[in-house]
Amino acid sequence: MLALLAAGCVFFPGLFLLSKQSLKSVLGWSEGDAAIVSARLVSSVQAVMACSAGGIIASSCKDVMEDKHWLTDTYILFATPYFAYDIYAMFLCYWHKLQVKGHEEEEEGGGSMGAAAAGYLRREALMVLHHLFMVAVCFPASVFWRQGRGDYFQGVLFLAELSTPSVCLGKVLIQFNKQHILLHKVNGALMLVAFFSCRVLLFPYLYYAYSRYASIPLYSVPLVAPWQCNMGAALLMALQLYWFCLICRGAFRLLTRSLSSAPPVPADSDRLLPPDNGYTSHQADRETDKH
């Protein structure tokens, strides 16, 4: 267990540092651009690994409650440090964006690191709380409390990361002012489909899968499921619907701008996208009203 946790602690920050240094030395990128793109890269790599693990686990478990797969606990242990790393990586992205001309004065305190940290925690409070929740609650629940049952459901949950690479690519394209090319539009459509399929429909599918397993009507599943599962699913489902509405809202704005031949969308319009792993704060929604 400790070896897998240590491996995750080394792999994700190590990949970030390696990518950032390579972009700076080989391509001559600035510190900010290299850090932001590297953070997106690590998020995409984690998403691909999670989806691969989830696909293998879900396809291998015929009995959705009792079948086990060694990769389930292995990947949970390995990936848990990612959520702690990502809090810091996203802060670095936020810090470097503040250095862009026109953004230094946005935060109180004259652009100091402390003011930036306070602004980051305000703007990304939901993302930070989610990551802390994943480490403090979901990690022990997945490894210990479920007592080795439900590997199939855990594998399906891993598939929620399918939308992350599209989110990351969209943010990178916006970062380099490529939001009007065909790739950005195609990627946006794929992101909508992936997010809706693997995040919004995820929880109804989990209830459906259990109803088939237990041979009970779908509406009866919440009545027999533990209250902790129902409460967690309800909260997460509500958040996914909220974020999906934000994505649709951003897509609609970009579409109407395009049809009306409006001026190009500002480079910081990546606020119309969810963060790399699909989580954002209500502050981001308010910020889009400025444009």
Side-chain angles (χ1 to χ4, degrees), residues 4-55 75-76 78-100 120 124 127-128 130-131 134-135 158-179 181-192 194-195 198-199 243 247 267-280 284:
L4 288 169
L5 287 171
C9 290
V10 172
F11 177 78
F12 296 109
L15 179 60
F16 172 78
L17 293 174
L18 177 62
S19 174
K20 185 179 72 169
Q21 190 58 39
S22 298
L23 292 174
K24 289 170 58 180
S25 59
V26 176
L27 299 181
W29 286 15
S30 67
E31 176 77 16
D33 284 344
I36 293 173
V37 171
S38 295
R40 312 300 184 209
L41 173 64
V42 175
S43 293
S44 297
V45 169
Q46 194 280 140
V48 171
M49 294 172 66
C51 290
S52 299
Y75 190 73
I76 292 172
F78 177 76
T80 294
Y82 164 80
F83 294 97
Y85 142 82
D86 196 49
I87 293 176
Y88 179 69
M90 290 300 99
F91 169 71
L92 285 182
C93 293
Y94 178 79
W95 169 253
H96 286 299
K97 285 181 180 180
L98 289 182
Q99 310 311 306
V100 177
Y120 167 73
E124 301 295 345
M127 185 274 288
V128 172
H130 165 264
H131 281 30
M134 292 294 291
V135 175
F158 288 157
L159 297 177
E161 294 289 350
L162 187 62
S163 62
T164 299
S166 292
V167 174
C168 293
L169 177 58
K171 289 195 171 187
V172 170
L173 291 174
I174 291 174
Q175 179 183 346
F176 292 99
N177 297 315
K178 301 295 183 181
Q179 59 265 44
I181 66 175
L182 179 60
L183 176 61
H184 184 263
K185 298 175 182 178
V186 173
N187 179 70
L190 291 175
M191 181 184 68
L192 279 170
F195 196 97
C198 296
R199 289 185 181 270
W243 289 315
I247 296 174
D268 62 351
S269 60
D270 65 349
R271 291 172 182 172
L272 297 174
L273 295 174
D276 300 345
N277 36 31
Y279 302 97
T280 187

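Of the inter-residue distances, the one linking Ile87 atom CD1 with Leu92 atom CG reads 12.5 Å to the nearest 0.5 angstrom. With rounding to the nearest 0.5 Å, the separation of CE in Met49 from OH in Tyr82 is 11.5 Å. Here the CZ atom belonging to Phe195 is positioned 9.0 Å from the OG1 atom belonging to Thr164, to the nearest 0.5 angstrom. Asn187 contributes atom CG, which lies 13.0 Å from atom NZ of Lys185 (distance to the nearest 0.5 angstrom). Between Ile36 atom CD1 and Lys97 atom NZ the span is 5.5 Å, to the nearest 0.5 Å. Note that OG1 of Thr80 and CG of Leu4 are 10.0 Å apart. Values are rounded to the nearest 0.5 Å.
Taking every heavy atom of both residues into account, Arg199 and Glu161 meet most closely at NH2-OE1, 3.9 Å. Nearest heavy-atom pair, Ala35 versus Cys93, reported as atom, atom and distance to 0.1 Å: O-SG, 4.3 Å. When all heavy atoms are compared, the tightest approach of Ser30 to Lys24 is O-CG, 4.2 Å. Across every non-hydrogen atom of Ser166 and Met191, the tightest pair is CB-CB, 3.7 Å. Taking each heavy atom of Gly8 and Pro13 in turn, the nearest pair found is O-CD, 3.8 Å. His131 and Phe83 get closest at one heavy-atom pair: CD2-O, 3.2 Å.
Legend: salt bridge (Lys or Arg N to Asp or Glu O under 4.0 Å) pairs involving residues 4-22, not counting sequence neighbours, sorted by first then second residue: Lys20-Glu31.
Side-chain contact between Phe176 and Asp33: present, with at least one pair of heavy atoms (C-beta onward) separated by less than 4.5 Å. At a threshold of 4.5 Å between non-hydrogen side-chain atoms, the residues Ser52 and Phe158 do not count as touching. Side-chain contact between Met127 and Tyr120 is present, with at least one heavy-atom pair separated by less than 4.5 Å. Side chains of Leu5 and Pro81 form a contact here, defined as non-hydrogen atoms less than 4.5 Å apart.
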Worked check of side chain to side chain contact (heavy atoms under 4.5 Å, CB included) between Met90 and Glu124: CA-CA 9 Å; Met90 290 300 99; Glu124 301 295 345; over 6 Å; no
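Between Phe78 and Phe12, the angle of the ring planes lies from 30° to 60°, which puts this pair in the tilted group.
Only one option out of Leu173, Leu183, Val172 pairs with Lys178 in a side-chain contact (heavy atoms from CB on, under 4.5 Å); it is Leu173.
Applying the side chain to side chain donor-acceptor pair (under 3.5 Å) rule to Gln21 yields no partners; only residues at least two apart in sequence or on another chain are considered. Contacts of Ser19 classified as side chain to side chain donor-acceptor pair (under 3.5 Å), with partners at least two apart in sequence or in another chain: Ser38.
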